[in-house]
Amino acid sequence: MESQIIEIDVADWQVANSNPARIAGLEAGKVLYFPHLPFALLPEERGLLRPDIRDPKVRNISLDAAGHLKGASGDTATQLALALMIGRFRSHAQSLVHSLLPKYKDALRLAPTSFRPTQVETRAQSWRADDRRLHVDAFPSRPNYGERILRVFSNVNPDGVPRVWRIGEPFETVAKKFLPRAKPYISWQASLMKTLHITKSCRSEYDHLMLQLHDGMKGDMSYQESADQITMPFAAGSVWVCFSDQASHAVMSGQYMLEQTLHLAPEQQYDPQSSPQAILARLVGHPLV
Ligand code: SIN
Ligand code: FE
């Protein structure tokens, strides 16, 4: 398998010049890896790196686009310090993406920024929620009609512990494997799920198929083991960027990560034809949204 990782050795969150090969790689579903791009914590922020800073009822601590902090435990001073740290990471992530991908700058829609203080290995989950299995991101309750999920990840582990991912095969290969097993899209069921508030809006055929790929991959243990894949330890002090709705990924171990999600309409890509929506539409032979 061709390498799914493009390494970029810059040490500044403002990348000096944009580079067409990197952009094409990212839009082909590869992961851009910046091994030497630490998000430096302020001395007073180091105390925020503890797992019990998260409210046990939620999965991650997050700062939403409006600046509201969710999912943290602790007093007002702690919550303020967390919001400032996560907000500072948000600015860094935005300047990285804007300098790397200038065409996206005015087209991106800001989604929440998360802080993930939990040790991955200790998380117990249902198979569907288990991100230790290879998958492409697709959300059961929030249909997105083909809107892209671009994510910036930063390993802020203070003890040099890497965040270990597995990275699987290209999206089209995954789609060709799992589309034949996908349940058909039934539009009245999509409206029923909206009426019952199972979904926030009506699932499109695109959303249905993306979930079928997500569940198909996670539910197939022999695929998990035998699919073409690499194990990738993202170093402490590194950053990586990918379209997580396209890059097949799984997280195996690690602790303390910051993550920024940005949404993008596929028409705003450098090459809209490389989007999952375009690939799936070509494979099934009709438009999906
Ligand atoms: C995921 O998006 O599947 C999880 C990534 C991570 O927590 O490292
Ligand atoms: Fe994921």
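Just follow the structure's listing: the first ligand is 1, and inside any ligand the first atom is 1.
- The Fe ion (ligand 2) is closest to atom OD1 of D137 (considering only N, O or S atoms).
- Checked by distance only, ligand 1 and R151 stay at 3.5 Å or farther apart across all their nitrogen or oxygen atoms.
- Geometrically, ligand 1 and H135 share a nitrogen or oxygen pair separated by less than 3.5 Å.
- If you number the atoms of ligand 1 from 1 as listed, the ones under 4.0 Å from a heavy atom of V251 come out as 4 (C), 6 (C), 7 (O), 8 (O).
- Between F89 and F39, the ring planes lie perpendicular to each other; the angle is over 60°, past the 30° to 60° tilted range.
- Under the 3.5 Å distance criterion, with hydrogens and angles disregarded, no donor-acceptor pair is assigned to the side chains of S126 and R128.
- The closest protein non-hydrogen atom to atom 8 (O) of ligand 1 is R163 NE, 2.7 Å.
- The protein heavy-atom contact nearest to atom 2 (O) of ligand 1 is H249 NE2, 3.3 Å.
- For atom 4 (C) of ligand 1, the closest non-hydrogen atom of the protein is R116 NH1, 3.7 Å.
- For R123 and D130, the salt-bridge test fails: no basic side-chain N is under 4.0 Å from an acidic carboxylate O.
- Proximity to M257 (heavy-atom distance under 4.0 Å) selects the following atoms of ligand 1: 6 (C), 7 (O), 8 (O).
- For the residue pair Q273/S275, the side-chain donor-acceptor check at 3.5 Å is not satisfied.
- D137 has a carboxylate O that lies under 4.0 Å from a charged side-chain N of R151, or vice versa, which qualifies the two as a salt bridge.
- A salt bridge is absent between R132 and E121: the closest approach of a Lys/Arg side-chain nitrogen to an acidic carboxylate oxygen does not fall below 4.0 angstrom.
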